[in-house]
Q: 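This is the structure I want to talk about, given as structure tokens.
All values below come from the heavy atoms of this structure, side chains included, with hydrogens, waters and symmetry mates left out. We're numbering straight along the sequence, starting at 1.
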Amino acid sequence: MAEAHSAVAFSFAITHEGWDVNFDREVLHLVWDSGVRSWKKRIARLKNNLKTGLYPVPISSLFATAAVVSGSHYYGVEIPGLDKILRLIPSKDIKYEIAACAGLSALGFFGFSLSLKYALKALFMYKGWMYESRGPGRKPSFKTRAWLFWVKLVSGPSRPMLYSYQGSLPRLPLPSVKDTMARYLRSVRPLLDDKEYARMEKLALEFQSGIGVKLQRYLVLKSWWATNYVSDWWEEYVYLRGRSPLMINSNFYGIDTLFMHPTTNQASRAAVVIYAMLQFRRLIERQELEPIMLQGIVPLCSWQYERMFNTTRVPGVETDKIVHLLDSKHIVVYNRGRFFKVIIHHNRRILLPCELEIQMQAILDNDTPPCVGEERLAALTAGHRAHWAQTRQEHFFKGVNRQALDAIEKAAFIVCLDDVPYEFDKNVPSKLDEYGRTLLHGKGYDRWFDKSFTLCVGTNGKIGVNAEHSWADAAVTSHLWEFTIIDETSGNWYKEDGHTKGTPSFAPPPPIKLQWDLKDSCLNAIDASYQVARQLIDDIDLHIYMHDAYGKGFMKQCRLSPDAYLQMVLQLAYYRNAGKFSLTYEASMTRLYREGRTETVRPCSIESAAWVKAMSNNDKTVSEKVALLQKACLQHQRAYLDAMCGKGIDRHLFCLYVVSKYLEVDSPFLKEVLSEPWRLSTSQTPHGQTSKLDLKKYPDCISAGGGFGPVADDGYGVSYIVAGEDILFFHISSKKSCPTTDSKKFGEDIKQALHDIRTLFLEYKKENGGKK
């Protein structure tokens, strides 16, 4: 066996003739290559860290500065501060004078670099430009134009690396308790009657003038001390301390482009996508990936990208932990109940798609049966976290189980070569629903839900991804997905017969089947987790609705934000579906600040409720309904911008609650607020994050987005994507066990709401003589 061969690559013995040494030159060559690659990566990382630490000043200017200072001193030009340094040198020797000039140059250079970095940080604190209306004939204010001038001037001509702006990003601002209370009360007003609202108002004001003052002091201290006053607690308490299963409850999925099918060959499609993902990893490691810039000027925090690869969420009895490795030279592939370790780096380079295809095909052709219990082993990652942690500690810390688990947890990522096709047929919506279900949960045991992400490949060559949520948010994973799809599309990787182009320059390392020794007690533990997973799978109701009657193009004609437009669609659809309003969650990002993750926007507002009610009121004119809708959309845009700029409600309340628990102080207000269910949880999948994506050149390269499970047992989870000018996707999830929810019915309500709003604007346009 390959693993046994590796174990005896080097051995020695003492005989009567002396030392007898045996070694395998090939293995020692691999060890040497691994060491060389490791040191190259360390040196490159050190070099990149120096560049990003000095940004926006290029490091080359340090040498230019030293040359100018030395030359000026040589020609007798007085350099401020140089005389003081020259008095300290032991002699007037030229080499000491050059060293003094170099030292002064370095001091001035680093001081100048630091000054520019803090100047950028101060400039990035300005958010007024975000609130200014944009459009034809509308110019930015003088203040914004001046700000823009200084940002461009200070940023300079240097091309930024992935982490170049990290030191220049401001800290997430901490709102005052008074402001948060005012925003909170306004957000719940449409959900409460007068009596309930008066009670909640009293609780909020008591909190504001009482224990809230003390809790806020601790948060102020943390906001000064920590890089971000929310992110570490959010990761720990919302994700890592959660004991419920990751599958459906936390992990999310992403779907392939539906209108492109480059090959039906499973092995070649897997090979090309794996290669593209490894290229993305390489860009992250070298910091060559372009940071995302809003309006091409203001950077988003890139901190989350670091843990995209080589990362696993390791279970614990009370809390999990995220383990990230700096490097990994292999992936792990699951196929028909077997796990294979696949080397992806050989002869000092990443394997090419044609070489990776050989490895994938070797796995598909392998008829070796799974070890006892291996087929459903990954069900442990789909069950309760404490159960998985205890099982892991009892059965996976020694012998072949330890080696095999190490291979999985230390892999760059996981690939699942599924034994079913992923199908899409516009005329058979159930096929797309099944596609989404396969990616969200699979069979409950064919996804390693702990890994940062799992690449899934169907037998017909269609692909998808299942991603763990604690290490980063969906926008970061969707960036990887977008890059992968467009890299594959523009790369022209396939022959006419569907196989990958190219000729292998050597025989790639064969896949190594992982070995397991699973005792009866471990098999029982696996079965227990599988039963939990099966119950979750049987209860999930997932429907994917594709809307192609109109899209972003029409929304822009209405002069409304597409996101605000669609949130109003969801408000109208939910009201019709449930007969009432509900607390609504929409995720926005706070990556304008260092280590920012997400904030909650509350789309159910006083304005949206007024418009929704007006839609069923025949006494309201078309113009009145349109005016109410425009007002609701403007309010939503404002709330979304507030959330992005650190003026949200829910993360502040969450952190106040954490402090109260540490201080063992009971707050009736916080307890009630944080127990309110999010019966409508929504999120928009971002699109167009990479500059390589050109839909005009590749019109069919449209992602269908992805989805997640419902947050509340009696609610809906809705993820949507504005995929193009005339196409939208809605991923709707709920629980079958709830008698009041039905994902397909909600999809019909969304369809009707989209139709009704379009009809409303067409009538409004007709009444106004064709004017918009």
Q: For atom NZ of Lys121, decide whether the heavy atoms of other residues, nucleotides or ligands shown that lie under 6.0 angstrom number more than 12.
A: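 Buried by this count: over 12 neighbours within 6.0 Å.
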
Q: Checking Asp193 now: which residues fulfil side-chain contact (heavy atoms from CB on, under 4.5 Å) with it, not counting sequence neighbours?
A: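 So Asp193 forms a side-chain contact (heavy atoms from CB on, under 4.5 Å) with Lys195, Glu196.
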
Q: Would you tell me whether Thr685 and Ser478 have side-chain atoms, one donor and one acceptor, within less than 3.5 Å of each other?
A: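 Side chains of Thr685 and Ser478: no pair found under 3.5 Å.
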
Q: What heavy-atom pair brings Leu203 and Pro668 nearest, and what distance separates the two atoms?
A: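 It is CD2-CB, 4.3 Å.
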
Q: Tell me every residue that passes ring-ring contact (aromatic ring centres under 6.0 Å, His included) with Tyr565, counting only those two or more places apart in sequence or in another chain.
A: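 Not a single residue meets the ring-ring contact (aromatic ring centres under 6.0 Å, His included) criterion with Tyr565.
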
Q: Is the backbone N or O of Pro175 less than 3.5 Å from a side-chain atom of Asp179, with the two atoms forming a donor-acceptor pair by type?
A: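 No: the side chain of Asp179 does not pair with the backbone of Pro175.
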
Q: Given the rule in the salt bridge (Lys or Arg N to Asp or Glu O under 4.0 Å) test, do Glu201 and Arg189 qualify, once you have shown the distances and angles that lead to the verdict?
A: CA-CA 10 Å; Glu201 187 177 36; Arg189 187 64 188 94; over 6 Å; no

Q: Can a salt bridge be assigned to the pair Asp749 and Lys745 using a cut-off of 4.0 Å between side-chain N and carboxylate O?
A: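 Judged by the 4.0 Å cut-off on N to carboxylate O distance, Asp749 and Lys745 do form a salt bridge.
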
Q: Exactly one of Asp713, Asp541, Asp714 should register a side chain to side chain contact (heavy atoms under 4.5 Å, CB included) with Lys735. Which one does?
A: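 Exactly one pass, corresponding to Asp713.
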
Q: Can you name the residues that form a side chain to side chain donor-acceptor pair (under 3.5 Å) with Glu676, not counting sequence neighbours?
A: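 Only Tyr184 meet the side chain to side chain donor-acceptor pair (under 3.5 Å) criterion with Glu676.
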
Q: Could you tell me whether the side chain of Tyr657 reaches within less than 4.5 Å of the side chain of Leu215, counting heavy atoms only?
A: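 No; the side chains remain at least 4.5 Å from each other.
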
Q: Do you know which two heavy atoms are closest between Leu653 and Leu670, and how far apart they sit?
A: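 So the two residues come closest at O-CD2, 3.9 Å.
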
Q: I'd like to know if Asp756 pairs up with Arg576 as an ion pair, taking the criterion as any Lys NZ or Arg NE/NH1/NH2 lying under 4.0 Å from an Asp or Glu carboxylate oxygen.
A: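 Salt bridge: yes.
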
Q: Would you name the heavy atoms of Pro160 and Pro291 that are closest together and state the gap between them?
A: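 Reported closest heavy-atom pair: O-CD, 4.0 Å.
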
Q: Check whether any side-chain heavy atom of Ser667 sits under 4.5 Å from a side-chain heavy atom of Phe207, and report yes or no.
A: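 Yes. Closest side-chain heavy atoms under 4.5 Å.
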
Q: Check Ile255 against Ala704 and note the closest heavy-atom contact, atom names and distance.
A: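 What the structure gives for the nearest pair is CG2-CB, 3.7 Å.
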
Q: Tell me every residue that passes ring-ring contact (aromatic ring centres under 6.0 Å, His included) with Tyr545, counting only those two or more places apart in sequence or in another chain.
A: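 Here the qualifying residues are His547.
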
Q: Decide yes or no on side chain to side chain donor-acceptor pair (under 3.5 Å) for Ser141 and Glu132, but give the supporting numbers first.
A: CA-CA 8 Å; Ser141 65; Glu132 293 181 5; 2.5 Å; yes

Q: Under the ring pair (Phe, Tyr, Trp, His ring centres under 6.0 Å) test against Phe581, which residue among Tyr575, Tyr574, Trp611 passes?
A: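 Answer to the ring pair (Phe, Tyr, Trp, His ring centres under 6.0 Å) test with Phe581 among Tyr575, Tyr574, Trp611: Tyr575.
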
Q: Restricting to side-chain contact (heavy atoms from CB on, under 4.5 Å), what partner residues turn up for Ser703, sequence neighbours left out?
A: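 If we apply the side-chain contact (heavy atoms from CB on, under 4.5 Å) test to Ser703, skipping adjacent residues, the hits are Trp481, His687, Ile721.
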
Q: Kindly state each residue pair satisfying side-chain hydrogen bond (donor to acceptor under 3.5 Å, both in side chains) with at least one member in residues 723-732, sequence neighbours excluded.
A: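 As it turns out, the side-chain hydrogen bond (donor to acceptor under 3.5 Å, both in side chains) pairs with a partner in residues 723-732, which skip direct neighbours, are Tyr253-His731.
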
Q: Taking side-chain contact (heavy atoms from CB on, under 4.5 Å) as the definition, give me every residue that meets it alongside Lys620, ordered by chain and number, with sequence neighbours left out.
A: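 With sequence neighbours excluded, Lys620 shows a side-chain contact (heavy atoms from CB on, under 4.5 Å) to Ala614, Asn617, Glu624, Lys625, given in chain and number order.
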
Q: Specify the closest pair of heavy atoms between Ser187 and Pro190, including all atoms of both residues, with the distance to one decimal.
A: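 Closest heavy-atom pair between Ser187 and Pro190: O-CD, 3.6 Å.
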
Q: For Tyr593, does the six-membered ring have the charged nitrogen or CZ of Lys127 within the cation-pi criterion, i.e. under 6.0 angstrom from the centroid and within 45° of the normal?
A: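 Yes, Lys127 sits over the ring of Tyr593.
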
Q: Taking the side chain as C-beta and beyond, is there a heavy-atom pair between Glu586 and Asp563 under 4.5 Å?
A: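 Yes - at least one pair of side-chain heavy atoms lies under 4.5 Å apart.
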
Q: Can you find a heavy atom in the side chain of Trp471 that is under 4.5 Å from one in the side chain of Val476?
A: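 Yes - at least one pair of side-chain heavy atoms lies under 4.5 Å apart.
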
Q: Can you confirm whether His441 sits close enough to Leu536 that some side-chain heavy atom of one is under 4.5 Å from a side-chain heavy atom of the other?
A: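 The answer is no; the side chains never approach within 4.5 Å.
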
Q: When the aromatic ring centroids of Phe708 and Phe252 are compared, is their separation below 6.0 Å?
A: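 No: the rings miss the under 6.0 Å criterion.
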
Q: Given side-chain contact (heavy atoms from CB on, under 4.5 Å), test Ile702 with Leu258 step by step and report yes or no.
A: CA-CA 7 Å; Ile702 294 174; Leu258 298 182; over 6 Å; no

Q: How would you list, by chain and number, every residue that makes a side chain to side chain donor-acceptor pair (under 3.5 Å) with Ser623, sequence neighbours excluded?
A: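 If we apply the side chain to side chain donor-acceptor pair (under 3.5 Å) test to Ser623, skipping adjacent residues, there are no hits.
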
Q: Just by distance, do the side chain of Gln166 and the backbone of Ser302 share a donor-acceptor pair under 3.5 Å?
A: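 Answer holds: yes.
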
Q: Quick one: list whatever passes side-chain contact (heavy atoms from CB on, under 4.5 Å) with Arg171, sequence neighbours left out.
A: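 Here no residue qualifies.
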
Q: Given His636 and Ser561, is the side-chain contact (heavy atoms from CB on, under 4.5 Å) satisfied, shown in steps?
A: CA-CA 9 Å; His636 180 78; Ser561 155; 5.9 Å; no

Q: Quick check on Tyr218: does its OH atom have over 12 non-hydrogen neighbours (other residues, nucleotides or ligands) under 6.0 Å away?
A: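 No - once you tally the heavy atoms of other residues, nucleotides and ligands closer than 6.0 Å, there are 12 at most.
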
Q: Measure from the ring center of Phe654 to the ring center of Trp233 and say whether it is less than 6.0 Å.
A: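 Judged by ring-centre distance (under 6.0 Å), Phe654 and Trp233 do not meet the cut-off.
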
Q: Going by an N to O cut-off under 4.0 Å, is there a salt bridge joining Arg307 and Glu235?
A: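 Result for this pair is yes, salt bridge flagged.
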
Q: Using the salt bridge (Lys or Arg N to Asp or Glu O under 4.0 Å) rule, collect all pairs that involve residues 210-231, keeping only residues at least two apart or in two chains.
A: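 Applying salt bridge (Lys or Arg N to Asp or Glu O under 4.0 Å) to every pair that reaches into residues 210-231, excluding sequence neighbours, yields Lys222-Asp232.
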
Q: Parallel, tilted or perpendicular, judged at 30° and 60°: which one describes the rings of Tyr716 and Phe746?
A: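 Judged by the thresholds at 30° and 60°, the geometry between Tyr716 and Phe746 is parallel.
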
Q: Which residue pairs satisfy the side-chain hydrogen bond (donor to acceptor under 3.5 Å, both in side chains) criterion with at least one member in residues 641-652, sequence neighbours excluded?
A: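 Qualifying pairs: Tyr131-Asp642, Thr180-His652, Gln216-His652, Tyr585-Arg651, Thr598-Arg651, Thr600-Arg651, Arg602-Asp650.
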
Q: Do NZ/NE/NH1/NH2 and the carboxylate oxygens of Glu599 and Arg591 come within less than 4.0 Å?
A: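 Here Glu599 does not pair with Arg591 in a salt bridge, since their nearest N and O are not under 4.0 Å apart.
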
Q: With a cut-off of 6.0 Å (strictly less than), are more than 12 heavy atoms of other residues, nucleotides or ligands near NZ of Lys736?
A: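 More than 12 within 6.0 Å, yes.
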
Q: Which residue pairs pass the salt bridge (Lys or Arg N to Asp or Glu O under 4.0 Å) test when at least one of the two sits in residues 466-481, sequence neighbours left out?
A: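 Sorted result for residues 466-481: Arg313-Glu468, Asp473-Arg597.
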
Q: Please determine which of Arg638, Lys613, Arg186, Lys631 meets the salt bridge (charged side-chain N to carboxylate O under 4.0 Å, His left out) test together with Glu607.
A: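 Result for salt bridge (charged side-chain N to carboxylate O under 4.0 Å, His left out) with Glu607: Arg186.
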
Q: Less than 4.5 Å apart, any side-chain heavy atom of Leu560 and any of Met555?
A: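 No, side chains not in contact.
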
Q: Taking C-beta and beyond as the side chain, do Thr584 and Leu570 meet within less than 4.5 Å on heavy atoms?
A: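 When only atoms from C-beta onward are counted, Leu570 and Thr584 do not touch, as no gap falls below 4.5 Å.
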
Q: What I'd like to find out is whether the side chain of Ile284 reaches to under 4.5 Å of the side chain of Leu162, using heavy atoms alone.
A: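 Answer yes - side chains close enough.
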
Q: Just wondering, more than 12 heavy atoms not from Met125 lying within 6.0 Å of its CE?
A: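 Open: at most 12 neighbouring heavy atoms sit under 6.0 Å from CE of Met125.
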
Q: Closer than 3.5 angstrom, by distance alone: can the side chain of Asn466 be matched with the main-chain N or O of Leu439 as a donor-acceptor pair?
A: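 Between the backbone of Leu439 and the side chain of Asn466 there is a qualifying donor-acceptor contact (under 3.5 Å).
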
